[in-house]
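Atoms considered below: every heavy atom in the structure, side chains included; atoms not considered: hydrogens, waters and symmetry mates. Here the structure is a predicted model, which is why all the values come from computation and not from measurement.
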Amino acid sequence: QVQLVESGGGLVQAGGSLRLSCAASGLIFSRYDMGWFRQAPGKERQLVAAIRWSGGSTYYADSVKGRFTISRDNAKNTVYLQMNSLKPEDTAVYYCAVRRMDSGTYYSIGALKYDYWGQGTQVTVSS
(Lines give C-alpha, C1' and ligand atoms only; values in the text may rest on other atoms or scores of the structure.)
Protein backbone atom coordinates (compact mmCIF):
# COMPACT_ATOMS: atom_id res chain seq x y z
CA GLN A 1 0.00 0.00 0.00
CA VAL A 2 1.41 3.35 -1.05
CA GLN A 3 1.55 5.86 1.77
CA LEU A 4 2.78 9.45 1.75
CA VAL A 5 3.15 11.34 5.03
CA GLU A 6 3.88 15.06 5.03
CA SER A 7 5.42 16.90 7.94
CA GLY A 8 7.05 20.22 8.73
CA GLY A 9 4.12 22.57 8.33
CA GLY A 10 3.23 25.18 10.88
CA LEU A 11 2.92 28.86 11.60
CA VAL A 12 5.69 31.22 10.55
CA GLN A 13 6.06 34.96 10.16
CA ALA A 14 6.47 36.56 6.76
CA GLY A 15 10.07 36.35 5.65
CA GLY A 16 10.69 33.15 7.57
CA SER A 17 11.44 29.65 6.38
CA LEU A 18 10.02 26.17 6.65
CA ARG A 19 11.09 22.82 5.30
CA LEU A 20 8.40 20.31 4.40
CA SER A 21 9.16 16.61 4.26
CA CYS A 22 7.26 13.78 2.63
CA ALA A 23 8.13 10.23 3.59
CA ALA A 24 7.00 7.58 1.14
CA SER A 25 6.44 3.88 1.68
CA GLY A 26 4.96 1.01 -0.29
CA LEU A 27 6.68 1.95 -3.54
CA ILE A 28 10.02 1.85 -5.26
CA PHE A 29 10.81 5.48 -4.65
CA SER A 30 13.29 5.98 -7.46
CA ARG A 31 10.67 5.05 -10.08
CA TYR A 32 8.38 7.99 -9.25
CA ASP A 33 8.35 11.66 -10.05
CA MET A 34 7.54 13.70 -6.94
CA GLY A 35 5.48 16.84 -6.66
CA TRP A 36 4.29 19.36 -4.13
CA PHE A 37 0.86 20.93 -4.53
CA ARG A 38 -0.91 23.52 -2.46
CA GLN A 39 -4.46 24.70 -2.11
CA ALA A 40 -5.58 27.84 -0.35
CA PRO A 41 -9.18 28.63 0.60
CA GLY A 42 -11.11 29.80 -2.43
CA LYS A 43 -8.32 28.93 -4.85
CA GLU A 44 -7.62 26.06 -7.18
CA ARG A 45 -5.02 23.46 -6.39
CA GLN A 46 -1.64 24.53 -7.72
CA LEU A 47 1.46 22.57 -8.61
CA VAL A 48 4.20 24.28 -6.63
CA ALA A 49 7.25 22.19 -7.48
CA ALA A 50 8.17 18.86 -8.99
CA ILE A 51 11.28 16.76 -9.38
CA ARG A 52 11.99 13.99 -11.85
CA TRP A 53 12.50 10.42 -10.68
CA SER A 54 16.18 10.80 -11.54
CA GLY A 55 16.51 14.16 -9.85
CA GLY A 56 17.74 15.49 -13.18
CA SER A 57 15.11 18.16 -13.70
CA THR A 58 12.80 20.29 -11.61
CA TYR A 59 9.76 22.49 -12.04
CA TYR A 60 8.65 25.52 -10.05
CA ALA A 61 5.58 27.66 -10.26
CA ASP A 62 6.39 31.24 -11.17
CA SER A 63 5.11 32.44 -7.82
CA VAL A 64 7.75 30.48 -5.89
CA LYS A 65 10.78 30.59 -8.17
CA GLY A 66 13.84 31.77 -6.32
CA ARG A 67 12.25 31.10 -2.93
CA PHE A 68 11.39 27.38 -2.87
CA THR A 69 13.65 24.41 -3.56
CA ILE A 70 12.54 20.83 -4.09
CA SER A 71 14.94 17.97 -3.47
CA ARG A 72 14.81 14.25 -2.89
CA ASP A 73 16.80 11.66 -1.02
CA ASN A 74 16.14 8.29 -2.58
CA ALA A 75 18.05 6.50 0.16
CA LYS A 76 15.55 7.87 2.68
CA ASN A 77 12.48 7.65 0.42
CA THR A 78 11.86 11.30 1.18
CA VAL A 79 11.17 14.45 -0.81
CA TYR A 80 11.65 17.92 0.65
CA LEU A 81 10.39 21.39 -0.05
CA GLN A 82 12.57 24.13 1.38
CA MET A 83 10.54 27.33 1.57
CA ASN A 84 12.35 30.60 2.16
CA SER A 85 11.20 34.22 2.22
CA LEU A 86 7.67 33.09 2.93
CA LYS A 87 4.79 35.39 2.14
CA PRO A 88 1.22 35.45 3.46
CA GLU A 89 0.04 34.32 0.03
CA ASP A 90 1.95 31.08 0.54
CA THR A 91 -0.58 30.10 3.19
CA ALA A 92 -2.22 26.86 2.11
CA VAL A 93 -2.48 23.16 2.70
CA TYR A 94 0.52 21.55 1.05
CA TYR A 95 0.23 18.07 -0.44
CA CYS A 96 2.88 15.61 -1.50
CA ALA A 97 2.15 13.52 -4.59
CA VAL A 98 3.90 10.88 -6.68
CA ARG A 99 3.70 9.83 -10.33
CA ARG A 100 4.95 6.51 -11.58
CA MET A 101 7.16 6.71 -14.65
CA ASP A 102 6.30 3.62 -16.68
CA SER A 103 8.43 2.44 -19.55
CA GLY A 104 7.20 3.91 -22.82
CA THR A 105 5.20 6.66 -21.11
CA TYR A 106 6.38 10.25 -20.81
CA TYR A 107 5.02 13.16 -18.81
CA SER A 108 6.39 16.65 -18.76
CA ILE A 109 7.92 17.52 -15.41
CA GLY A 110 5.21 20.18 -15.14
CA ALA A 111 2.32 17.80 -15.81
CA LEU A 112 -0.51 17.74 -13.30
CA LYS A 113 -1.26 14.02 -13.41
CA TYR A 114 -0.23 12.21 -10.23
CA ASP A 115 -1.12 8.80 -8.90
CA TYR A 116 -0.98 9.00 -5.11
CA TRP A 117 -1.42 11.78 -2.59
CA GLY A 118 -0.58 12.50 0.99
CA GLN A 119 -2.99 13.88 3.56
CA GLY A 120 -1.57 17.40 3.51
CA THR A 121 0.12 19.69 6.00
CA GLN A 122 -0.96 23.21 6.86
CA VAL A 123 1.39 26.13 6.26
CA THR A 124 0.31 29.48 7.65
CA VAL A 125 2.34 32.62 7.07
CA SER A 126 1.40 35.58 9.22
CA SER A 127 1.77 39.17 8.10
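Of all the heavy atoms in F29 and R72, the pair that sits closest is O-NH2, 2.8 Å. In plain terms, the two heavy atoms of L27 and N77 that are nearest each other are O-ND2, 4.5 Å. Heavy-atom minimum distance, S85 versus S17: N-OG, 4.3 Å. Residue L47 comes nearest to A61 through the heavy atom pair O-CB, 3.5 Å, listed as atom of the first residue, atom of the second, then distance. Of all non-hydrogen atoms in M101 and T105, the two that sit nearest each other are CE-O, 4.2 Å. Here the closest heavy-atom approach between residue N74 and residue S30 is recorded as ND2-CB, 3.6 Å.
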Evaluation steps, side-chain contact (heavy atoms from CB on, under 4.5 Å), between T121 and V93:
CA-CA 5 Å; T121 185; V93 177; over 6 Å; no

Does V123 form a side-chain contact (heavy atoms from CB on, under 4.5 Å) with M83? I'd like the steps, not just the answer.
CA-CA 10 Å; V123 172; M83 306 186 294; 3.9 Å; yes

Residue pair S25, V2: steps toward the side-chain contact (heavy atoms from CB on, under 4.5 Å) verdict:
CA-CA 6 Å; S25 61; V2 174; over 6 Å; no

side-chain contact (heavy atoms from CB on, under 4.5 Å) for I70 and W36? Distances and angles first, verdict last.
CA-CA 8 Å; I70 189 171; W36 285 98; 3.7 Å; yes

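Here the CG atom belonging to L4 is positioned 13.0 Å from the OH atom belonging to Y95, to the nearest 0.5 angstrom. The CG atom of L18 lies 9.5 Å from the CG atom of N84; values are rounded to the nearest 0.5 Å. To the nearest 0.5 Å, the span separating CD1 on I109 from OG on S57 amounts to 4.5 Å. Atom-to-atom distance recorded for R52:CZ and S108:OG is 6.5 Å, nearest 0.5 angstrom. Y80 contributes atom OH, which lies 11.5 Å from atom CD of Q82 (distance to the nearest 0.5 angstrom).
One N or O on the side chain of D33 and one on the backbone of W53 form a donor-acceptor pair closer than 3.5 Å. Side-chain atoms of R67 come within 3.5 Å of backbone N or O of S63 as a donor-acceptor pair. Panel note: side chain T124, backbone L11; no donor-acceptor pair is recorded below 3.5 Å.
A salt bridge does not link R99 with D115: every distance from a Lys NZ or Arg NE/NH1/NH2 to an Asp or Glu carboxylate oxygen is 4.0 Å or more.
The aromatic rings of Y94 and F68 sit tilted relative to each other, their planes meeting at an angle between 30° and 60°. By the 30° and 60° cut-offs, the orientation of the rings of W117 relative to F37 is tilted.
For R38, the salt bridge (Lys or Arg N to Asp or Glu O under 4.0 Å) partners two or more places apart in sequence, or in a different chain, are D90.
Within a 6.0 Å radius of OH in Y116, other residues, nucleotides and ligands contribute 12 heavy atoms or fewer. At most 12 heavy atoms of other shown residues, nucleotides or ligands fall within 6.0 angstrom of atom NZ in K43. The environment of CD in Q3 is sparse: at most 12 heavy-atom neighbours from other residues, nucleotides or ligands sit within 6.0 Å.
Side-chain contact, D73 with T78: no donor N or O sits under 3.5 Å from an acceptor N or O. Side-chain contact, E6 with Q119: a donor N or O sits under 3.5 Å from an acceptor N or O.
L112 and Y107 are members of different hydrophobic clusters when ILVMFWY side chains are connected at heavy-atom separations under 4.5 Å. L81 and Y114 fall into different hydrophobic clusters, where Ile, Leu, Val, Met, Phe, Trp and Tyr side chains are chained together by heavy-atom contacts under 4.5 Å.
The closest side-chain heavy-atom distance from V79 to S71 is not below 4.5 Å.
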